[in-house]
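These notes are about the structure you will find just below.
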There are 2 protein chains.
Amino acid sequence: MKGRSATIRDVARHAAVSVASVSRALNGLNSVHPETRARVVASAKTLGYVPHAGARSLSMARTHAIGVVLPDLHGEFFSEIVRGMDRETGARGYHLLLSNMHADAELAAQAMRSMRGRVDGLIVMAPQLDATGLDEALPPGVPAVLVNARDPGGHAGMRIDNAAGIDALVAHLVGSGRRDLVHIAGPAGNIDGDERRASFAAAMARHAPDRPVRIVAGNFREEGGQQAVAALLREDAAFDAIVAANDMMALGALTALRTAGVDAPGAVAVTGFDDIPLARYLGLTTVRLHLAEMGARAVARLVDTLEGAEDARTLELVTPELVVRTTTPDRTSP
Amino acid sequence: MKGRSATIRDVARHAAVSVASVSRALNGLNSVHPETRARVVASAKTLGYVPHAGARSLSMARTHAIGVVLPDLHGEFFSEIVRGMDRETGARGYHLLLSNMHADAELAAQAMRSMRGRVDGLIVMAPQLDATGLDEALPPGVPAVLVNARDPGGHAGMRIDNAAGIDALVAHLVGSGRRDLVHIAGPAGNIDGDERRASFAAAMARHAPDRPVRIVAGNFREEGGQQAVAALLREDAAFDAIVAANDMMALGALTALRTAGVDAPGAVAVTGFDDIPLARYLGLTTVRLHLAEMGARAVARLVDTLEGAEDARTLELVTPELVVRTTTPDRTSP
DNA sequence: CCGCCGCCTGTAACCGGTTACATAGTCAGG
DNA sequence: CCTGACTATGTAACCGGTTACAGGCGGCGG
C-alpha cells in the first residue's frame, strides 16, 4: 500500500515527541508521563506501527531466536524433535530458525556460520561432523547444544540413553523366558547403531552371562531386518528372540519370520527400538524415545545459559521407556 | 573465549584498509585489487570473522528468511509440510523461521507481528483467522502465502484439491462395482472436512446419480470411524462401501466392521484420505496428499514474488494421487 | 603537457531501533 | 532563596553491516 511501513521516527513525529520517548513508552520502560505514553500509543496505532525486530536485535545484541541445524531426518523423528523444541521455544518467548538437510560437513558448517547474528544460540545435530570439525564450524561466541553427537567436546549435549533402552529390552526378554537372543544391528558408523550394538553385548553379559552374544548386520531399514532373518535361517541358527536396533528392522524381521513359516512371536519373540506409530498397530514390543522431550530439554538448557544460568556443558541423557506389547509373550508361566 | 567476536572494522584495521573495501572484497563485489582482496581474506580468516547476518539484513532491508505460522499440527502432517518448505527454502538460499502452535487468533496475530523485520515474507496456516482478521494481523508490506485458508482474500493461496481426491475415490469405488456408498465426514467447521463432505455429494451425483447421498458424522479420529460404523450397523443400513474423510477414521471403520463380523473389504470396501504411513501396512486404499510438494510450492511462490516476479495472488491447488490397495477389491470381474 | 577516463579506495550516511548522558522543570528541605 | 533530588524528555552515539559519493592515481590520446 503505502511506500514503506512506519518506523519509530514516524511515530515520534506524529506524536510530537522524540524517538527515545516512543521507545520507552512502547516498551513500558522507565519513567514516561502517562499522557505522553497515551499519545504515543495512539500514534502508533493510527500509523499501524510494528516494531522492526531486526533493528531491535542489532542494537540489543539479542535476537530471541535459536537456530537448529539438522540432518535430513525423516518423518516422525524430525517432526517429534522439532515439535518439542517449538513448544519450549514458544513458552520461553523465542523463535526457531530451521536449517535442515545438510548433505555434507561443508554445507552444515556453512549453514551454522550463516546463522551468526541471526540467532542467540544453536542446537546442532550433525552426524557428519566430529568434535573438532564442529568447533571450527561453530561461530565464535555462540553457545550451542549438541544433540546426538558422538562427542559433545566442550559443549552441552543431549542424547538418547541407548544403553538403558537395550538393557530394558534384554531384561524383559530374559525375564519372560527367552535365552538365545540375537541382535540385528544398525549400520556401522552410526552413533545409535554402534551404541546399541555395544549395549546389547553389555546387557547380555549382565542378564544372560552364560549365553553367547550373537549379532548380525543390519541397516535400520525394513529390508535389513528381512535379510538378517534370512541369513539366520540359512545358517540354521537356534534363537528364540530377536532384538532389532530399530522398529523398521523389527517389522522386517517379523514378516520374514512369518513368511518363512516360523511361529512369531511364539517361537521367536521380536523387539524394536523407537516406538514409531506403526509399532502400536503391529503390537511390537519396543522402547519409546520421547524425542519431543529431548528437543524441549535442548531448548530449555540453551535458553537457560542464554539468560545467564551456569552453562553445565554436560551430556544429558533421555531415558527411553519400555513398551511391552504382544511380540514378546511370557513363557515362564505356561 | 575472546570478549566478543570480530566485526568488519576489526578486519579493516587488521588488513589496513577501509570497511568499504572489506565489504566489497568479501562479497566478491565491484572492483577490488586482487592483492587487497587477498589481504582482506587473510585477515578475515586469522580473525575468525563471520559476517553478522542481522546487521546485513538491516542495511539491505532483506533478511533472506521466510516465516512460517502454523497451528498445532500433528506428526506426519506437520513434518511433511515443513520438510517440503525446508527443501525449497534451502535450495533458494533462504532460511525458515518457525512459529508453531497458536492456540487462538490473538496469539497467531501476535506471532505474525513479531516477525516483522525478521523475515521477508510469511507462509500462514491459520484456521482460526478469517480473511479480514488475517489482513489486520499481517504486518504491512510483508507478502504472504496462505496455506489451507478458507478464503485467501487478496493473497496467494495453496490448498489441497479435496474435490479431486474424493472424486477419484468415488469413481474408483463405483468403477469396481460398488453402488451404496456412505461418507464418514470430518468435524463440521473444519475446512477440509466441509469440502470433502460437499465433494462427496458432488461426486455421487456425477458417478452414481441414482443413489442417495448418505453421510454420517465423524471427527477425523479413530474412534470417530468406529462410532460411525456402529451407528450404521445399529440402524441396519445397507451399504457396500465407506468413504472416510481421512485415514484414521477409515482405520476405525475397518476394525469396527471386522469386530462386528462384517466381511471387510469383501462386503464393504473402505477408503481413506491422506495416505499416512499406516495406510500402506493395512492395505488401505486412499489418496496421497503430497504435502511436501505443497510446502515447497508455497515457498517457491513466495520467493518468486520476493525476487520481483509478478505476484499471482491466486489460489493454487495440489492434486492428490489415488493409491489403490486391498481394501477396495474389484467386484466387476468375478 | 593537459585533460579525461577507469580503476581502486576511503569517508560517511544510512538501515531502525536502544540507551547513556545531558537538560529542563518541579518541588521539598534547610 | 538556594540546593539537591527526582521526573520527564531530548540529543546523539551505537549495534555491524552496505553503498552513494568523492577523490587519488596512473595511463593514454590529443
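- Straight-line distance from the CD atom of A/E35 to the P atom of D/dT9: 9 Å, rounded to whole Å.
- The minimum heavy-atom distance between A/L289 and A/F77, with the atom names listed, is CD2-CE1, 4.1 Å.
- Residue pairs meeting the salt bridge (Lys or Arg N to Asp or Glu O under 4.0 Å) criterion with at least one member in residues 119-129 of chain B, sequence neighbours excluded: B/R62-B/D120.
- Residues passing the side-chain contact (heavy atoms from CB on, under 4.5 Å) test with B/P139 are B/M112, B/R116, B/L122, B/V142, sequence neighbours excluded.
- Legend: salt bridge (Lys or Arg N to Asp or Glu O under 4.0 Å) pairs involving residues 136-151 of chain B, not counting sequence neighbours, sorted by first then second residue: B/R150-B/D194.
- Within the nucleic acid shown, A/S57 has no heavy atom closer than 4.0 Å to any nucleic acid atom.
- With sequence neighbours excluded, the residues satisfying salt bridge (charged side-chain N to carboxylate O under 4.0 Å, His left out) with B/E195 are B/R159.
- At least one side-chain nitrogen or oxygen of A/T36 sits closer than 4.0 Å to the OP1 or OP2 atom of D/dT9.
- Residues meeting the ring pair (Phe, Tyr, Trp, His ring centres under 6.0 Å) test with B/H64, sequence neighbours left out: B/Y94.
- Listed by chain and residue number, B/V50 satisfy the side-chain contact (heavy atoms from CB on, under 4.5 Å) test with A/R113 (two or more places apart in sequence, or in another chain).
- The bend of the helix from C/dC1-D/dG30 to C/dG30-D/dC1, defined by the angle between the axes of its first five and last five pairs, stands at 60° to the nearest 10°.
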remark   = B/S/- along nucleotides 23-28 of chain C (protein heavy atoms under 4.0 Å) is ------
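- Under the side-chain contact (heavy atoms from CB on, under 4.5 Å) criterion, B/E316 pairs with B/M158, B/R297, B/R301, sequence neighbours left out.
- Listed by first and then second residue, the salt bridge (Lys or Arg N to Asp or Glu O under 4.0 Å) pairs that reach into residues 43-52 of chain B come to none, sequence neighbours excluded.
- With sequence neighbours left out, the side-chain contact (heavy atoms from CB on, under 4.5 Å) criterion links A/L58 to B/H52, B/A55, B/L58.
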query = Once each nucleotide of nucleotides 11-21 of chain D is scored for protein heavy atoms under 4.0 Å, what B/S/- sequence comes out, 5' to 3'?
reply = BB--BBBSB--
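- Atom-to-atom, CZ of B/R13 to P of C/dG10 comes out at 14 Å; the value is rounded to the nearest Å.
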